[in-house]
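Predicted model, so just to flag it, every value in this text is computed and none were measured. Chain A is the first sequence line, chain B the second, and so forth, proteins listed ahead of strands; every chain is numbered from 1.
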Protein chains: 2
Amino acid sequence: MDTLEKVFEPDVLSANCPSRTLFNHVTSRWGVLVLIALQNDTMRFSELRRKIEGVSERMLSQTLKLLEEDGFVDRKAFDVVPPHVEYSLTPFGQEVSKRVRELASWIEGNLGDILAAKQP
Amino acid sequence: MDTLEKVFEPDVLSANCPSRTLFNHVTSRWGVLVLIALQNDTMRFSELRRKIEGVSERMLSQTLKLLEEDGFVDRKAFDVVPPHVEYSLTPFGQEVSKRVRELASWIEGNLGDILAAKQP
DNA sequence: GGAAGTACATACAAAAATGTAAGTATGGAA
DNA sequence: TTCCATACTTACATTTTTGTATGTACTTCC
């Protein structure tokens, strides 16, 4: 290396590293679930709302907007009445979704053992 | 299958599935970072606090306690003065940590491209 | 003798996340 | 003609999370 390389190493453990912000969005309470829900399908707002049990409309739209700004979710609106909007993952979104899914699947798949090992 | 099998399928998308609770703990703001920080080392409380930029003592101990209850973190206290406590991951903790790390690493490694693709 | 370091707990305060209810626009069904 | 459905937004209230400050116990260093 003869020039200034690697001046900046992204690290989620650093308080103001941009990767930390992105990581927080992705791992947010509803963010993870949106990513999982959209993994293989294009879905409409109300479908997502039904699939992700417990989200309010407010939180769902807020989360979708955030993930859209970050470039993980793609929003396609059709100008009709009643409104029709389709959400899907961008290529970046699919990459993160895959990893979030793996984490969720591992927990789901080992739930029995994990619960059995808990003491309190 | 001649008996009642698969009566219950864990699913993080279900509001009151236990896997959702565990998933929330693991993907909580500080939970993810604790899991990452402990990945290869045993660490003391104050080391963790220094490594995870931005955590307060309060949040760190709260998070550690939660992850310990879930069986992901192991706490070993030595009865000396000044206090000496070591935290490490249980085998379950290592499994989840691995997956959380993969997500974080992907984001860190693609940070430039992700940021470049953002519009707003 | 006073200060520092350790791993917390606890009380209180402030900030952030989330929920609830209502409103918007419009076409079509009942 | 009233109601429904869609995809939101906005205001307001409440809950949850997070932070700050302080205290504890004991030993060692200065």
Side-chain angles (χ1 to χ4, degrees), chain A residues 12-16 20-35 37-38 41-70 73-88 120, chain B residues 12-16 20-35 37-38 41-70 73-88 120:
Chain A
V12 294
L13 293 173
S14 298
N16 29 26
R20 169 105 145 222
T21 306
L22 254 3
F23 191 51
N24 281 343
H25 292 175
V26 166
T27 60
S28 69
R29 178 164 177 197
W30 302 116
V32 280
L33 299 181
V34 165
L35 256 5
L38 284 178
D41 321 289
T42 274
M43 297 184 93
R44 299 183 60 174
F45 187 86
S46 50
E47 288 181 289
L48 274 171
R49 181 145 151 60
R50 264 172 257 129
K51 186 156 185 178
I52 301 172
E53 279 186 35
V55 223
S56 63
E57 297 195 345
R58 193 177 174 289
M59 279 300 104
L60 181 56
S61 77
Q62 207 170 103
T63 302
L64 285 167
K65 199 178 296 178
L66 208 61
L67 293 178
E68 196 198 340
E69 284 173 12
D70 289 342
V73 162
D74 189 45
R75 190 189 113 109
K76 205 162 291 172
F78 300 83
D79 192 20
V80 293
V81 167
H84 184 113
V85 180
E86 293 182 350
Y87 291 94
S88 58
Chain B
V12 295
L13 293 173
S14 298
N16 28 27
R20 170 104 144 221
T21 305
L22 254 3
F23 191 50
N24 282 342
H25 291 176
V26 166
T27 61
S28 69
R29 179 165 176 198
W30 303 115
V32 281
L33 299 181
V34 164
L35 258 3
L38 284 179
D41 320 289
T42 274
M43 297 183 93
R44 299 183 60 175
F45 188 85
S46 50
E47 288 180 289
L48 274 170
R49 181 144 151 60
R50 265 172 257 129
K51 185 156 185 178
I52 302 171
E53 279 186 33
V55 223
S56 63
E57 297 195 344
R58 194 177 172 289
M59 279 300 105
L60 182 56
S61 77
Q62 208 170 103
T63 302
L64 285 168
K65 200 178 297 179
L66 208 62
L67 293 178
E68 195 198 340
E69 283 173 13
D70 289 342
V73 163
D74 188 43
R75 191 189 112 108
K76 205 163 294 173
F78 299 83
D79 193 21
V80 293
V81 166
H84 183 113
V85 180
E86 294 183 348
Y87 291 95
S88 58

Inset, instruction - Check every strand shown and say whether F78(B) touches a base, only sugar-phosphate, or nothing at a heavy-atom separation below 4.0 Å. - result: nothing
Inset, instruction - Please figure out whether P82(A) or Q62(A) has its closest DNA chain C nucleotide nearer the 5' end. - result: Q62(A)
Legend entry - Listed nucleotide nearest any side-chain atom of E57(A), set dT9(D), dC8(C), dT6(D): dT9(D)
Inset, instruction - Can you tell me the distance, in whole Å, between the NE2 atom of H84(B) and the P atom of dT28(D)? - result: 16 Å
Inset, instruction - Please report, rounded to the nearest Å, how far the C1' atom of dC8(C) is from the CG atom of L60(B). - result: 10 Å
Inset, instruction - Output the single nucleotide from dG19(C), dA7(C), dC8(D) whose closest atom is nearest the side chain of F45(A). - result: dC8(D)
Legend entry - Atom-to-atom span, CD1 of I52(A) to C1' of dT18(C) - whole angstrom: 15 Å
Inset, instruction - Starting from the 5' end of DNA chain D, give me the residue, R75(A) or W30(B), whose nearest nucleotide shows up first. - result: R75(A)
Inset, instruction - For the side chain of Y87(B), starting at C-beta, report the closest nucleotide among dT20(C), dC8(C), dG19(D). - result: dC8(C)
Inset, instruction - Look at R44(B) and dA7(C) and indicate whether a side-chain polar atom (N or O) is within less than 4.0 Å of OP1 or OP2. - result: yes
Legend entry - Interatomic distance where CZ belongs to R29(A) and P belongs to dT15(D) [whole Å]: 14 Å
Inset, instruction - Hey, could you give me the CG/CD1 distance between L38(A) and I52(A), rounded to the nearest 0.5 Å? - result: 7.0 Å
Legend entry - Closest nucleotide among dT6(C), dT18(D), dT18(C) to the R58(B) side chain: dT18(D)
Inset, instruction - Identify whether any heavy atom of R49(A) sits under 4.0 Å from a base atom; if not, whether one sits that close to sugar-phosphate; answer base, sugar-phosphate or nothing. - result: nothing
Legend entry - Length of the CG-P vector between L64(B) and dT6(C), whole Å: 16 Å
Legend entry - Whole-Å gap separating C1' (dT16(D)) and CE (M59(B)): 10 Å
Inset, instruction - Starting from C1' on dA7(C), measure out to CD on E68(B) and report it in whole angstrom. - result: 13 Å
Legend entry - Backbone N/O of L13(B) and side chain of R20(B): donor-acceptor pair under 3.5 Å: yes
Inset, instruction - Examine distances only and state if a side-chain atom of E47(A) and a backbone atom of R44(A) form a donor-acceptor pair shorter than 3.5 Å. - result: yes
Legend entry - Any K65(B) side-chain nitrogen or oxygen under 4.0 Å from OP1 or OP2 of dA9(C): yes
Inset, instruction - State, yes or no, whether a side-chain contact exists between L60(A) and F45(A) at a heavy-atom distance under 4.5 Å. - result: yes
Legend entry - N/O (side chain, S61(B)) to phosphate O (OP1/OP2, dA9(C)) under 4.0 Å: yes
Inset, instruction - Check whether any side-chain N or O of S46(A) sits under 4.0 Å from OP1 or OP2 of dA7(D), and answer yes or no. - result: yes
Inset, instruction - Return yes if some donor-acceptor pair links the side-chain N/O of E53(A) with the main-chain N/O of S14(B) below 3.5 Å, else return no. - result: no
